[in-house]
Engineer: 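One structure, as structure tokens, below. Some questions next.
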Amino acid sequence: MALMVGARVLARNLLRPWSRLPDAVPGRTGPAAGGGDGVRCFGSPRVLVETDPAKGVAVIKLKNPPVNSLSLEVLTEFVISLEKLENDKTFRGVIVTSDCPGIFSAGLDLTEMCGKSQAHYAEYWRAVQELWLRLYLSNLVVIAAINGVSPAGGCLISLTCDYRVLADNPKYSIGLNETLLGIVAPSWFKDTLVNTVGHRTAERALQLGLLFPPAEALRVGIVDQVVPEDQVHSAALSVMARWLAIPDHARQLTKNLMRKPTADRLVKQRDADIQYFLQFISRDSIQKSLRVYLDKLRQKKG
Ligand SMILES: CCCC/C=C/CC(=O)SCCNC(=O)CCNC(=O)[C@H](O)C(C)(C)COP(=O)(O)OP(=O)(O)OC[C@H]1O[C@@H](n2cnc3c(N)ncnc32)[C@H](O)[C@@H]1OP(=O)(O)O
């Protein structure tokens, strides 16, 4: 029942025409919209989309202050934005970045996984799965312009992209640090990391919950390029041009060839994966670990 409710809510959100999103920001054009002539902006307050139809490129900027945690709303709005871009033949590539200074994304929203109902957990997890599947198999060229720290779910978003550019700032670490929270990265998080850095590096990184600073992130291959902070966007655009020089059909089929077997493993057992998540996240010991971790984050300021 919980699964049906979750699926219904997500389906309703996904099918909702863009213009009727409650928070939709009307399209703006031109320099005032934050770009040069012809740059159009649309999106929702938490997921901004700037498009440059002439270049066929869009920029998705996560804007969920203070830390761009991936709440249910963010996940849903992200999927809707991506779907809208994919359905518009004008666009061939998208850059994913952050509008929150110093933070790419703090990962999954811990408050969505703590002290909530089973129905909520199911709905939330289905939304996490949906975003991963959409990004991982997107027909668009997807480049991550990582302009801030990127733990756990933030790292996962980057790993689904075709190429990762990281800003060279020692504070901007990236990795799947789930074990540090006393939780376990699901198998498809693990698969995404293994496909990027190889088995041994992934095993060590996952067990130790490693967060790699830029130079090390480049060395192990969790990112493809490290550039000065003020060049992240221009570097992402240069990389995009290179990827867009390849004929779409050949690149898309090749991407599918490389990624479909991994995605299919989740697609074939989505409901079982949700059930596993429900059982895991509902355990008293896991809820306690998450509460302790959240309290520690909150007390940091005091
Ligand atoms: C089968 C189960 C699998 C589950 C998989 C989970 C994958 C995940 O993604 S779990 C999330 C893992 N994320 C993290 O470990 C990151 C935690 N956050 C941080 O380390 C820091 O916040 C930061 C380095 C990202 C930013 O540090 P900064 O000093 O700028 O900000 P803070 O003062 O720490 O935080 C501000 C504010 O935001 C709250 N917050 C931080 N992270 C999260 C989060 N992931 N979810 C929800 N809320 C978060 C933090 O508690 C502060 O809240 P208050 O303003 O209320 O104190």
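Remember, it's a predicted structure, so these values are computed and weren't measured experimentally. Just so it is clear, the values below take in all heavy atoms, side chains as well, and ignore hydrogens, waters and symmetry mates. Just follow the structure's listing: the first ligand is 1, and inside any ligand the first atom is 1.
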Engineer: Do Ser138 and Glu86 have side-chain N/O donor and acceptor atoms under 3.5 Å apart?
Structural biologist: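 On atom types as modelled, these side chains qualify, holding a pair under 3.5 Å.
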Engineer: Please report whether ligand 1 has a polar contact with Ile281, defined as an N or O pair separated by less than 3.5 Å (distance criterion only).
Structural biologist: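 Min N/O separation from ligand 1 is not below 3.5 Å for Ile281.
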Engineer: Check each atom of ligand 1 against the heavy atoms of Ile103 and keep those under 4.0 Å away; list them by number with element.
Structural biologist: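 With Ile103 as reference, the close atoms of ligand 1 come out as 26 (C), 30 (O).
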Engineer: Spell out, as yes or no, whether a donor-acceptor pair under 3.5 Å connects the side chain of Gln252 to the backbone of Asn139.
Structural biologist: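 Here the side-chain-to-backbone pair exists.
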Engineer: Is it possible for you to say whether Val220 and Leu210 belong to one hydrophobic cluster, with membership spreading through side-chain heavy-atom contacts below 4.5 Å?
Structural biologist: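 Per the 4.5 Å side-chain linkage, Val220 and Leu210 are co-clustered.
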Engineer: So which bit of Pro66 gets within less than 4.0 Å of ligand 1, heavy atoms only: side chain, backbone, both or neither?
Structural biologist: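 Looking at Pro66 and ligand 1, just side chain atoms fall under 4.0 Å.
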Engineer: At the 4.0 Å heavy-atom cut-off, does Tyr276 count as touching ligand 1?
Structural biologist: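 Not so, Tyr276 does not reach ligand 1.
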Engineer: Considering only heavy atoms of Ala152, which atoms of ligand 1 have at least one such atom less than 4.0 Å away?
Structural biologist: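 Those of ligand 1 that fall under 4.0 Å from Ala152 are 7 (C), 8 (C), 9 (O), 12 (C).
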Engineer: Does the pair Asp162/Arg259 count as a salt bridge with the N-to-O cut at 4.0 Å?
Structural biologist: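 Judged by the 4.0 Å cut-off on N to carboxylate O distance, Asp162 and Arg259 do form a salt bridge.
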Engineer: Hey, is Asp109 touching ligand 1 through its side chain, its backbone, both or neither, going by heavy atoms under 4.0 Å?
Structural biologist: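 Contact part for Asp109 vs ligand 1: both backbone and side chain.
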Engineer: Among Val49, Thr51, Leu82, Val59, which one satisfies side chain to side chain contact (heavy atoms under 4.5 Å, CB included) with Val94?
Structural biologist: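 With Val94 as partner, Val49, Thr51, Leu82, Val59 yield a single side chain to side chain contact (heavy atoms under 4.5 Å, CB included), made by Leu82.
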Engineer: Heavy-atom distances under 4.0 Å decide this one: backbone, side chain, both or neither, for Leu70 against ligand 1?
Structural biologist: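 Under 4.0 Å from ligand 1, Leu70 contributes no heavy atoms.
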Engineer: Are there more than 12 heavy atoms of other residues, nucleotides or ligands under 6.0 Å from atom NZ of Lys55?
Structural biologist: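 For Lys55, atom NZ is not crowded (no more than 12 foreign heavy atoms under 6.0 Å).
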Engineer: Should Arg126 and Asp271 count as an ion pair when the cut-off is N to O under 4.0 Å?
Structural biologist: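 Salt bridge flag = yes for Asp271 with Arg126.
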Engineer: What atoms in ligand 1 come closer than 4.0 Å to a heavy atom of Phe280?
Structural biologist: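 Reading through ligand 1 atom by atom, the close ones are 1 (C), 2 (C).
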Engineer: Can you tell me how the ring of Trp243 sits relative to the ring of Tyr163, calling it parallel under 30°, perpendicular over 60° and tilted otherwise?
Structural biologist: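 Trp243 vs Tyr163 ring planes: perpendicular.
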Engineer: Report, in ascending order of atom number, the atoms of ligand 1 lying under 4.0 Å from any heavy atom of Leu181.
Structural biologist: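 Listed by number with element, the hits are 10 (S), 12 (C), 15 (O).
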Engineer: Heavy-atom distances under 4.0 Å are what count here, so tell me which part of Leu110 touches ligand 1: side chain, backbone, both or neither.
Structural biologist: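 Near ligand 1, Leu110 shows its backbone as well as its side chain.
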Engineer: Is it the side chain (CB and beyond), the backbone, both or neither of Leu156 that lies under 4.0 Å from ligand 1, heavy atoms counted?
Structural biologist: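 Looking at Leu156 and ligand 1, no heavy atom falls under 4.0 Å.
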Engineer: Give the atoms of ligand 1, by number and element, whose distance to some non-hydrogen atom of Val184 is under 4.0 Å.
Structural biologist: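 Checking each atom against Val184, I get 1 (C), 2 (C), 3 (C).
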Engineer: Does Asn177, backbone or side chain, put an N or O under 3.5 Å from an N or O of ligand 1?
Structural biologist: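 Between Asn177 and ligand 1, an N or O pair is found under 3.5 Å apart.
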Engineer: Could you tell me whether Lys116 atom NZ has more than 12 heavy atoms of other residues or ligands within 6.0 Å of it?
Structural biologist: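 Above 12, so yes.
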Engineer: Treating Ser98 as the side-chain partner and Ile103 as the backbone partner, does any N or O pair qualify as donor plus acceptor under 3.5 Å?
Structural biologist: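 Yes, because the side chain of Ser98 sits within donor-acceptor range (under 3.5 Å) of the backbone of Ile103.
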Engineer: Check whether any N or O atom of Leu108, backbone or side chain, sits under 3.5 Å from an N or O atom of ligand 1, and answer yes or no.
Structural biologist: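 It does: an N or O of Leu108 is found under 3.5 Å from an N or O of ligand 1.
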Engineer: Could Arg46 and Glu73 be called an ion pair, given the rule that one side-chain N must be under 4.0 Å from one carboxylate O?
Structural biologist: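 No salt bridge links Arg46 with Glu73.
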Engineer: List every atom of ligand 1 that sits less than 4.0 Å from any heavy atom of Gly107, numbering the atoms from 1 in the order shown and giving each element.
Structural biologist: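 What qualifies from ligand 1 is 9 (O).
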Engineer: Under 3.5 Å, N or O to N or O, is Tyr293 touching ligand 1 that way?
Structural biologist: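 For ligand 1, there is an N or O atom that lies under 3.5 Å from one belonging to Tyr293.
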Engineer: Mind checking whether Trp132 and Trp188 have parallel, tilted or perpendicular rings, split at 30° and 60°?
Structural biologist: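 It falls in the tilted class, 30° to 60°.
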Engineer: What atoms of ligand 1 come within less than 4.0 Å of a heavy atom belonging to Pro151?
Structural biologist: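 With Pro151 as reference, the close atoms of ligand 1 come out as 16 (C).
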Engineer: Going by the order shown, which atoms of ligand 1 are within less than 4.0 Å of some heavy atom of Gly153?
Structural biologist: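 Ligand 1 atoms under the 4.0 Å threshold to Gly153: 8 (C), 9 (O).
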Engineer: Look only at interatomic distance and state if Lys300 has a nitrogen or oxygen under 3.5 Å from any nitrogen or oxygen of ligand 1.
Structural biologist: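 Min N/O separation from ligand 1 is below 3.5 Å for Lys300.
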